[in-house]
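The structure appears right after this line, and notes come after that.
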Number of protein chains: 2
Amino acid sequence: MAKAGPRAGTLRRQLSADVRAALVNAAIAALRETGYAGASAREIARRAGCSQALVFYHFGSVNDLLLAALDEVSARRMASYRGLLAHATSVTALAAAARDILTADLDAGYVRVLIEMITAAHAVPGLGDQVAERLQPWRELTEQAAMSALGRSPAARLLPPGDAARALVAGFLGLELLASLDNDRAAALALLDRAGSLARLLDMLAGLRLPGRKEDR
Amino acid sequence: MAKAGPRAGTLRRQLSADVRAALVNAAIAALRETGYAGASAREIARRAGCSQALVFYHFGSVNDLLLAALDEVSARRMASYRGLLAHATSVTALAAAARDILTADLDAGYVRVLIEMITAAHAVPGLGDQVAERLQPWRELTEQAAMSALGRSPAARLLPPGDAARALVAGFLGLELLASLDNDRAAALALLDRAGSLARLLDMLAGLRLPGRKEDR
DNA sequence: GTCTATACTTGGATAGAC
DNA sequence: GTCTATCCAAGTATAGAC
């Protein structure tokens with residue numbers, strides 16, 4: 001997280017890193033609670049308890065700080081969920097994991113941060129590519145999860161993992177938007193429970209058909 | 001569209017209505033192309049070719065103009081799609097209609113307008129309820145479509161129309177977000193083609209099971 | 001009804017003291 | 001590295017001429 005740090009790890013350097021971390025955390029909170037428009041240098045500095053000038057000293061511009069905040073969110077998500085998804089080897093397990101993940105994301109506001117940056121990217125020139133870059137690892141993780149869940153079942157023919165991943169990510173984003181609008185995340189979670197039931201059906205069908213197939217030598 | 005208009009429909013009144021309409025159209029275009037943050041009174045007036053002061057004269061505030069723009073978008077969507085969805089009496093037909101509708105929405109930028117307002121509602125106090133109000137008819141239309149598509153098939157047990165409608169709306173929003181980010185709507189449409197294949201499977205399953213049921217007297 | 005001009009506010013970014 | 005002070009741009013909203 002430190003910029004370079006080759007020489008002696010002095011106290012000053014440590015304090016400076018603290019400020020950077022505080023600014024990033026404040027930026028995440030501001031994005032989540034007041035949106036991109038409300039995430040101004042002044043607002044973020046107020047939350048971090050420091051001067052507004054430090055935003056520009058440490059990050060160059062507000063946008064670059066917000067991108068650093070998005071990086072941090074991505075890193076946290078990856079650390080938490082990679083393990084959760086690694087063992088989802090059935091559609092049922094994938095649906096259950098998706099439910100846990102959405103719950104955590106809604107609580108932590110990670111999806112909100114993502115949505116704010118995606119929406120802002122539409123208006124701010126050049127931001128789109130940088131946001132897309134940071135979304136990419138997440139999409140890959142989702143695709144991998146879809147692959148291990150669908151496995152070699154016939155469902156993979158009807159819905160390739162790439163498409164499944166896109167649908168899952170889009171679903172997360174859309175559900176968060178609706179949940180934030182009516183301030184009701186229970187409905188979103190109920191929907192994922194339904195998905196769980198459908199997943200069990202899919203796994204059953206896969207189980208019925210798999211033995212009858214005659215490929216893979 | 002006119003405010004009241006009880007007396008003689010003079011030329012002046014007509015011209016005034018034209019300005020109102022021009023402002024609403026300019027607001028829609030601004031929301032679509034520059035987002036909520038870029039949809040300022042100055043920008044909208046520039047697009048409408050009139051003075052910035054007229055925004056406040058006719059609509060009182062920028063937010064109220066943007067809500068009028070959302071009303072107009074809702075009205076146009078309803079007029080176009082109600083007929084399209086009325087005859088979707090199978091999941092396959094529903095998927096096909098959804099594909100046509102998403103294509104039209106992406107081209108016209110209607111979903112974009114909606115997303116901008118939903119996202120803004122998160123930050124602007126009091127806006128959420130007004131946006132939710134305007135989203136309601138759309139949700140009802142979608143639910144009705146889901147009902148007529150699922151009909152009395154067993155799928156309706158696993159996925160009630162209300163949940164199906166929520167999933168559809170969330171999917172539209174999420175797909176538009178992703179499509180705008182990578183500037184690629186082909187991927188979103190390809191996904192809906194996949195949904196079409198799955199829908200055919202669902203209809204087949206429903207057809208297999210329906211004859212064997214013994215209720216509804 | 002429509003315009004120009006302006007008061008007021010907020011935000012990005014920099015300068016310079018410490 | 002961190003602060004205060006400041007410049008400049010852009011936005012909302014209103015006043016007043018026409």
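Protein chains get the first letters and strands the later ones, always in sequence-line order, with residue 1 at the start of each.
The number of heavy atoms from other shown groups lying within 6.0 Å of CG (Asn183(A)) does not exceed 12.
Phe56(B) has its CZ atom 13 Å from the P atom of dA15(D), to the nearest Å. Put simply, OH on Tyr36(A) is 12 Å from C1' on dG11(C), counting in whole angstrom units. Between the CG atom of Asn63(A) and the P atom of dG11(C) there is a distance of 15 Å, given to the nearest Å. Straight-line distance from the CZ atom of Arg46(B) to the P atom of dA10(D): 13 Å, rounded to whole Å. In this structure, Tyr57(B) places its OH atom 5 Å from C1' of dG1(C), rounding to the nearest Å. For the pair Leu23(B) CG and dG1(C) C1', the computed distance is 12 Å after rounding to whole Å. In this entry the distance linking CD of Gln52(B) with P of dA13(D) reads 10 Å, nearest Å. Atom CG of Leu54(A) and atom P of dG12(C) are 15 Å apart (whole Å).
Here Val55(B) lies out of heavy-atom contact (under 4.0 Å) with every strand. When heavy atoms are screened at a 4.0 angstrom cut-off, Glu43(A) is found touching no nucleic acid atom at all.
Residue Ser51(B) has its side chain nearest to dC3(C) when only dA13(C), dT2(D), dC3(C) are considered. Nearest to the side chain of Ala53(A), among dA13(C), dA15(C), dT2(C), sits dA15(C). Among dA13(D), dT2(C), dT2(D), the nucleotide with an atom closest to any side-chain atom of Val62(B) is dA13(D). When distances are taken from the side chain of His58(A) to each of dT2(D), dT4(C), dG12(C), the shortest belongs to dT2(D). Nearest nucleotide to the Cys50(B) side chain, out of dA13(D), dG1(D), dC3(C): dC3(C). Checked against dA13(D), dG1(C), dA13(C), the side chain of Ser16(B) finds its nearest nucleotide in dG1(C). When each of dT2(C), dG12(C), dA13(D) is scored by its nearest atom to the side-chain atoms of Arg42(A), the top-ranked nucleotide is dG12(C).
Judged by the 6.0 Å distance and 45° axis criteria, Arg32(B) is not positioned over the aromatic ring of Tyr110(B).
Side chains of Asp105(B) and Tyr81(B): a donor-acceptor N/O pair is present below 3.5 angstrom, by distance only.
Distance alone, capped at 3.5 Å, is enough to place a donor-acceptor pair between the Glu116(B) side chain and the Tyr36(B) backbone.
Among Val24(B), Leu54(B), Leu67(B), Ile44(B), the single residue meeting the side-chain contact (heavy atoms from CB on, under 4.5 Å) criterion with Phe59(B) is Val24(B).
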